Visitor: 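I'd like to ask some things about the structure below.
Everything numeric here is computed off the predicted structure, so don't read it as measured data.
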Amino acid sequence: MTRQYQALILDQQGGVLRITMNRPEALNALNTQMVSELREVFQNLYYDRSVRVVILEGAGRAFCAGLDLKESSSRQGGGTRRTPEQGLDGQRAIAEIYVAMRRCPQPIISIVQGSGAGGGFALALASDIRILSEDARMNAAFIRIGLSACDMGVSYFLPRMIGMSLASEYMLTGRFITAERAMQIGLANRVVPHTELRKEAEAFAEDMLHATPLGLRLTKDGLNQAVDAGGLEAAMAIEDRNQILTSTDPNFAEGIAAFFEKRKPNYS
């Protein structure tokens, strides 16, 4: 993660990588540059063992206001209509970000302040932990601009998190989910004052680093598999595999020793 990016700021401290979407003047809307960079970063994380936890945030007063409609409108205003194939390529270029977020083995903690709309809402949903500021507002904005609300994985993530009835309410109307409401329905892990957002995210990251690197990766992998498993036995087969793999990992002994000695583990 040494390459310099234009729309993102990357800062790695130990095993924690902080990714900051850095278009504050545009409320961190997803333009072509940011889409390309987010996709590249999350795809590369699959092979990066130096990063164990990811914190995703937006610079300024918003997390991410969704697709950059000004850029999209300017492209379409050129008079040349995209073919269906070109449109599908563009759609999938964005969609691959969310697939990569779930596929990468590192837990992702999203810090959401202000607007998290459309594709920004999907970024929060594709994360493992969501920490919201008191002014956070999220919605499936797609349906309010003439599109379907079933976009960027929202129709997959949201019903699994809050149930079909509530997902239908927010996806069919495009209504905003306030921070308070997100906490009530189990969509937010924490709601804190704006000044406490980073501190809360760092506390989650610190707790995650007490797991062995393999144990942390396989826990995210197991959750991904279990949510779509065909039943209890299928889920437990994944659990059994993961427990045997982690118990034979050399770091397992260090984890046990650190637990009994009440100290921070030192994993290889």
Visitor: Does the side chain of L56 reach to within under 4.5 Å of the side chain of M21, using non-hydrogen atoms?
Guide: yes

Visitor: With a 4.5 Å limit on heavy-atom distance, are the side chains of P265 and H210 in contact?
Guide: yes

Visitor: For the atom pair OG1 (T248) and CD (Q243), what is the distance rounded to the nearest 0.5 Å?
Guide: 11.0 Å

Visitor: I need the D89 CG to Q86 CD distance, nearest 0.5 Å.
Guide: 7.5 Å

Visitor: Going by side-chain contact (heavy atoms from CB on, under 4.5 Å), name the residues that satisfy it together with A117, two or more places apart in sequence or in a different chain.
Guide: S115, N139, A141

Visitor: Honestly, is R137 close enough over F176, meaning NZ or CZ under 6.0 Å from the six-membered ring centre and within 45° of the axis?
Guide: yes

Visitor: What's the separation between atom CZ in R39 and atom CD1 in I97, rounded to the nearest 0.5 Å?
Guide: 6.5 Å

Visitor: Report whether V53 and L123 are members of the same hydrophobic cluster (ILVMFWY, side-chain heavy atoms less than 4.5 Å apart, transitive linking).
Guide: no

Visitor: So, E202 and R18, do they make that salt bridge, N to O below 4.0 Å?
Guide: yes

Visitor: Quick one: do the T32 and E71 side chains pair a donor with an acceptor below 3.5 Å?
Guide: yes

Visitor: Mind listing the closest non-hydrogen atom pair of I108 and M101 along with its distance?
Guide: CD1-O, 3.4 Å

Visitor: Can we say R23 and D68 salt-bridge, meaning some charged N sits less than 4.0 Å from an Asp/Glu carboxylate O?
Guide: yes

Visitor: Quick one about D11 and T20 (side-chain donor to acceptor, distance below 3.5 Å, no hydrogens or angles considered), yes or no?
Guide: no

Visitor: What closest approach, in Å, do R52 and L209 show between heavy atoms, and which atom pair accounts for it?
Guide: NH2-O, 3.3 Å

Visitor: Just wondering, more than 12 heavy atoms not from R61 lying within 6.0 Å of its CZ?
Guide: no

Visitor: Is it the case that over 12 heavy atoms from other parts of the model lie below 6.0 angstrom from the CD atom of E180?
Guide: no

Visitor: Does any part of the side chain of Q91, heavy atoms only, come nearer than 4.5 Å to the side chain of M152, both counted from C-beta?
Guide: yes

Visitor: Find the distance between CG (L132) and CD (E200) and round it off to the nearest 0.5 Å.
Guide: 11.5 Å

Visitor: For residues L158 and V227: do they belong to one hydrophobic cluster (side chain heavy atoms under 4.5 Å, members Ile, Leu, Val, Met, Phe, Trp, Tyr)?
Guide: yes

Visitor: Could I get the full list of side-chain contact (heavy atoms from CB on, under 4.5 Å) partners for V99, not counting sequence neighbours?
Guide: none

Visitor: Can you name the nearest heavy-atom pair linking P24 to N28, along with the distance?
Guide: N-OD1, 3.4 Å

Visitor: Can you spot which of I111, L197, L17, I129 makes a side chain to side chain contact (heavy atoms under 4.5 Å, CB included) with I55?
Guide: I111

Visitor: When you check the side-chain N and O atoms of N22 and Q6, is any donor under 3.5 Å from an acceptor?
Guide: no

Visitor: Can a side-chain donor-acceptor contact be found between Y5 and Q33 if the only test is distance below 3.5 angstrom?
Guide: no

Visitor: If I take atom CG from residue L218 and atom CG from residue L223, how far apart are they, to the nearest 0.5 angstrom?
Guide: 11.0 Å

Visitor: Within a radius of less than 6.0 Å around CZ of R181, do more than 12 heavy atoms belonging to other residues, nucleotides or ligands occur?
Guide: yes

Visitor: Look at the side-chain heavy atoms of Ile, Leu, Val, Met, Phe, Trp and Tyr, link any pair under 4.5 Å apart, and say whether L27 and F121 land in one connected group.
Guide: no

Visitor: Would you mind reporting whether S110 and F63 have side-chain heavy atoms less than 4.5 Å apart?
Guide: yes

Visitor: Is a salt bridge present between D221 and R241, judged by a nitrogen-to-oxygen distance below 4.0 Å?
Guide: yes

Visitor: Determine, for R190 against E196, whether the closest basic-nitrogen to carboxylate-oxygen distance falls under 4.0 angstrom.
Guide: no

Visitor: Please say yes or no: joined through hydrophobic side-chain contacts below 4.5 Å, possibly via intermediate residues, are L147 and F157 part of one cluster?
Guide: yes

Visitor: Is the number of heavy atoms from other residues, nucleotides or ligands under 6.0 Å of R263 CZ greater than 12?
Guide: yes

Visitor: Salt bridge check, R102 against D128: does any charged N sit closer than 4.0 Å to a carboxylate O?
Guide: yes

Visitor: Would a single hydrophobic cluster contain both I109 and F42, if residues Ile, Leu, Val, Met, Phe, Trp and Tyr are joined by side-chain heavy-atom contacts under 4.5 Å?
Guide: no

Visitor: What are the two closest non-hydrogen atoms of A62 and Q113, and how far apart are they?
Guide: O-NE2, 3.2 Å

Visitor: Any idea which heavy atoms bring V54 and I19 closest together, and the distance?
Guide: CG1-CD1, 3.7 Å

Visitor: Specify the closest pair of heavy atoms between C104 and L45, including all atoms of both residues, with the distance to one decimal.
Guide: CB-CB, 4.0 Å

Visitor: Are more than 12 heavy atoms from other residues, nucleotides or ligands located less than 6.0 Å from atom CD of E25?
Guide: yes

